[in-house]
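What's counted below: heavy atoms across the whole structure, side chains too, no hydrogens, waters or symmetry copies. Numbered from 1 within each chain, the chains take letters A, B, ... in sequence-line order.
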Amino acid sequence: MNVEYVSANPTGPLHVGHARGAIFGDALAALLEFAGWDVTREYYINDAGAQVDVLARSAHFRYQEAHGRAVEIAPGLYPGDYLAPVGVAMKAVFGDTLLDRPEAEWLPVVREFAITAMMAMIREDLAALGVTMDRFQSEAALAAQGKVEAALARLSEQGLIYQGVLEPPKGKTPEDWEPREQTLFRSTAYGDDVDRPVKKSDGGWTYFAPDIAYHFDKVSRGYDLLIDVFGADHGGYVSRMKAVVAALSERKTPLDVKLVQLVKLFRNGEPFKMSKRAGDFVTLRDLVDQVGPDVARFTMLMRKNDAPLDFDFAKALEQSKDNAVWYVQYANARAHSVLRSGAEAGIGEAEIGAADLSSLTHEGWIDIAKKVAEWPRLMEMAAESHEPHRVAFYLFDLAGAFHALWNRAREEEALRFLQAGDEAGAPARLAMAKAVSVAISAGLGILGVTPVTEMR
RNA sequence: GCACCCGUAGCUCAGCUGGAUAGAGCGCUGCCCUCCGAAGGCAGAGGCCAGGGGUUCGAAUCCCUUCGGGUGCGCCA
């Protein structure tokens with residue numbers, strides 16, 4: 001199967017919204033892999049639209065700047081200073097050969113250079129989060145291979161493409177609305193509300209057209225299941241993408257679209273003030289630098305994908321019960337602590353593996369055993385419903401049960417893992433610690449969070 | 001106006017796809033501990049599951065509807 005996520009435009013650094021999509025998609029992919037699927041993690045590069053021309057012009061300004069010219073970035077371009085190194089790099093490669101030339105001459109060259117640089121930066125950002133993609137699919141490459149025309153021809157054969165005029169949207173009719181004939185895709189035949197334009201009135205493709213080609217490409221690769229992870233602002237695209245995949249696969253390839261809601265940033269309960277100046281936003285890298293990949297990942301996975309997320313930087317780093325990441329890590333560290341002590345006392349893997357658990361009749365042991373026993377079923381449900389957050393919540397519950405057992409043992413000697421005078425029962429009790437640790441480690445592994453074995 | 005998502009404790013959120021007295025964390029109240037296995041522990045109060053209707057032996061969960069919030073809605077990607 002195929003999971004597509006992030007797919008941010010290659011025009012700048014990834015921000016926190018992208019981070020959530022990346023973390024969600026990555027955890028979902030790992031979860032499905034765990035469930036037995038062969039998963040391709042894919043990133044779709046929008047490197048063919050107008051936005052990459054804007055990128056190229058912005059980069060060309062930085063290129064001039066690298067030549068010592070005092071230039072002012074024109075309005076409408078990307079002002080972020082992340083393009084400055086790109087300008088310097090271009091000077092090193094091209095010298096002054098791209099200066100004072102007509103745009104038509106330098107644009108394709110600068111565009112390709114800048115896109116390559118942006119994608120390198122994006123890969124680094126993703127790597128900082130622990131996210132690695134299997135495949136990067138270029139929109140421009142698909143277009144160059146005539147895939148857009150081919151996909152549209154396919155739909156045309158099915159009688160799903162026609163010339164028509166759309167009704168204006170009710171209620172908020174734009175001032176300049178006038179009926180225009182466009183090339184439309186009959187998505188209503190597959191459950192959409194209205195038919196969708198694939199060509200603009202000037203004859204150029206809409207954004208939808210290359211997306212059709214891209215999904216046709218994915219269908220053609222023979223996946224049993226496609227999953228798209230989109231930002232919530234792409235919610236309006238879900239029904240048309242489902243329609244087009246159904247049409248192109250003769251309803252054989254299911255497409256599940258997961259919408260990831262917005263992230264609101266806080267610090268000590270106060271909303272994070274962001275300057276409105278374009279190009280100034282909280283980047284994925286800022287996030288990782290401040291809280292680390294483990295905290296970023298677990299915190300964002302403690303929320304359903306379709307619910308908005310409040311992310312508090314201060315809380316994320318707190319070491320207490322309100323910090324779920326810390327709490328789960330702590331449980332694992334405690335489990336490993338007793339396992340280490342056991343090993344020192346001569347009770348190792350072999351003894352634990354051969355332990356007879358029937359001696360664990362105390363209610364406290366039964367409780368933790370029940371919780372551990374939920375693990376397989378829970379993982380199965382999480383994978384089936386495409387909801388990695390369930391794993392995170394389960395780990396939090398399991399850690400809670402383990403801490404509760406631990407605390408009870410202060411009063412009740414019988415619930416201690418290592419008891420002076422009852423060495424014979426230690427292997428069985430340590431087996432419970434081992435089971436908790438295995439469940440937590442495997443669960444955290446799927447979420448992409450390092451399972452620590454010691455608190456520092 | 002239409003579509004999608006959301007509405008569960010004071011706050012932030014879970015709720016195993018229709019099952020028994022609806023859960024957690026924070027906050028609040030009250031005890032205990034602050035020595036041995038960590039950076040505390042235990043208990044309690046607090047819910048018309050937004051409102052209404054329906055399906056069902058049974059609904060927070062499924063359907064319809066109202067209200068409230070978010071996102072999006074041809075020639076932007």
Side-chain angles (χ1 to χ4, degrees), chain A residues 7-9 11 46-54 139 164-174 176-184 191-211 230-240 257-262 264 266 269 302-310 312 315 318-324 326-327 330 333-335 337-338 340-341 374 377-382 384-385 387 389-390 392-394 396-397 399-401 403-404 406-411 413 415-418 420 454-456:
Chain A
S7 296
N9 287 341
T11 54
N46 292 114
D47 54 0
Q51 80 283 354
V52 286
D53 288 343
V54 174
E139 176 189 348
V165 179
L166 285 176
E167 295 287 314
K170 298 280 191 315
K172 265 198 282 184
T173 308
D176 57 347
W177 175 273
E178 50 182 276
R180 296 221 174 115
E181 194 176 76
Q182 301 176 287
T183 305
L184 301 171
D192 202 357
D193 310 306
V194 291
D195 293 335
R196 307 291 180 172
V198 295
K199 268 189 183 177
K200 301 186 269 191
S201 52
D202 68 4
W205 298 118
T206 61
Y207 175 72
F208 186 36
D211 257 2
F230 289 166
D233 55 342
H234 284 61
Y237 267 76
V238 176
S239 52
R240 81 188 66 174
V257 181
K258 306 296 282 186
L259 294 179
V260 177
Q261 288 288 336
L262 299 174
K264 284 184 201 158
F266 292 83
M302 276 297 281
R303 198 97 315 164
K304 281 185 297 198
N305 60 286
D306 50 11
L309 169 73
D310 291 348
D312 193 309
K315 257 191 177 173
E318 220 169 82
Q319 298 200 332
S320 70
K321 206 172 177 179
D322 16 327
N323 186 338
W326 178 83
Y327 194 62
Y330 187 18
R334 274 181 157 170
S337 171
V338 287
R340 279 192 298 269
S341 302
E374 288 174 22
R377 170 81 177 142
L378 182 119
M379 297 302 284
E380 191 185 324
M381 293 306 301
E384 272 178 22
S385 58
E387 292 181 339
H389 77 273
R390 293 193 191 192
F393 275 96
Y394 169 76
F396 184 69
D397 279 352
H403 286 307
W406 190 281
N407 291 324
R408 263 182 97 172
R410 289 180 175 173
E411 301 296 324
E413 184 93 10
L415 290 176
R416 292 191 168 208
F417 291 97
L418 298 169
E454 209 173 344
M455 300 306 275
R456 289 276 168 198

Could you check whether A:R390 and A:Y394, counting side-chain N and O atoms only, form a donor-acceptor pair closer than 3.5 Å?
no
[atom1] atoms of [N] and [M], separation to the nearest Å:
{"N": "B:C32", "M": "B:G51", "atom1": "P", "value": "41 Å"}
{"N": "B:G23", "M": "B:U65", "atom1": "P", "value": "32 Å"}
{"N": "B:C4", "M": "B:A43", "atom1": "P", "value": "45 Å"}
{"N": "B:A59", "M": "B:U55", "atom1": "P", "value": "12 Å"}
{"N": "B:C6", "M": "B:G10", "atom1": "P", "value": "22 Å"}
{"N": "B:C64", "M": "B:C26", "atom1": "C1'", "value": "38 Å"}
{"N": "B:G69", "M": "B:U29", "atom1": "P", "value": "34 Å"}
{"N": "B:C49", "M": "B:G53", "atom1": "P", "value": "13 Å"}

Mind checking [X] for me? I need base, sugar-phosphate or nothing, with any heavy atom below 4.0 Å counting as a touch.
{"X": "A:A333", "result": "base"}
{"X": "A:L418", "result": "base"}
{"X": "A:R303", "result": "sugar-phosphate"}
{"X": "A:N407", "result": "sugar-phosphate"}
{"X": "A:S239", "result": "nothing"}
{"X": "A:F393", "result": "sugar-phosphate"}
{"X": "A:Y330", "result": "base"}

So, the side chain of [X] versus the backbone of [Y]: is there a donor-acceptor pair under 3.5 Å, distance only?
{"X": "A:T206", "Y": "A:P197", "answer": "yes"}
{"X": "A:H403", "Y": "A:Y327", "answer": "yes"}
{"X": "A:N305", "Y": "A:V260", "answer": "no"}

Per the O4'-C1'-N9-C4 / O4'-C1'-N1-C2 angle with a 90° window around 0, B:U66 comes out anti
Residue-phosphate contact under 4.0 Å: [X] side-chain N/O, [N] OP1/OP2:
{"X": "A:K199", "N": "B:G74", "result": "no"}
{"X": "A:H389", "N": "B:G15", "result": "yes"}
{"X": "A:K304", "N": "B:U12", "result": "no"}
{"X": "A:R377", "N": "B:U17", "result": "yes"}
{"X": "A:W205", "N": "B:C75", "result": "no"}
{"X": "A:R334", "N": "B:A38", "result": "yes"}

Just how far, in rounded Å, is [atom2] of [N] from [atom1] of [X]?
{"X": "A:D195", "N": "B:C2", "atom1": "CG", "atom2": "P", "result": "19 Å"}
{"X": "A:N323", "N": "B:G25", "atom1": "CG", "atom2": "P", "result": "15 Å"}
{"X": "A:D193", "N": "B:G72", "atom1": "CG", "atom2": "C1'", "result": "12 Å"}
{"X": "A:H234", "N": "B:G70", "atom1": "NE2", "atom2": "P", "result": "21 Å"}
{"X": "A:Q261", "N": "B:G7", "atom1": "CD", "atom2": "P", "result": "11 Å"}
{"X": "A:D397", "N": "B:A24", "atom1": "CG", "atom2": "P", "result": "10 Å"}
{"X": "A:E454", "N": "B:A39", "atom1": "CD", "atom2": "C1'", "result": "15 Å"}
{"X": "A:L259", "N": "B:C4", "atom1": "CG", "atom2": "P", "result": "12 Å"}

Geometric cation-pi criterion, A:K199 with A:W205: 6.0 Å, 45° | yes
Using purine N1 to pyrimidine N3 plus N6-O4 or O6-N4 for Watson-Crick, or N1-O2 and O6-N3 for G-U wobble, each under 3.5 Å, what pairs with [N]?
{"N": "B:U61", "result": "none"}
{"N": "B:A43", "result": "B:U29"}
{"N": "B:G72", "result": "B:C2"}

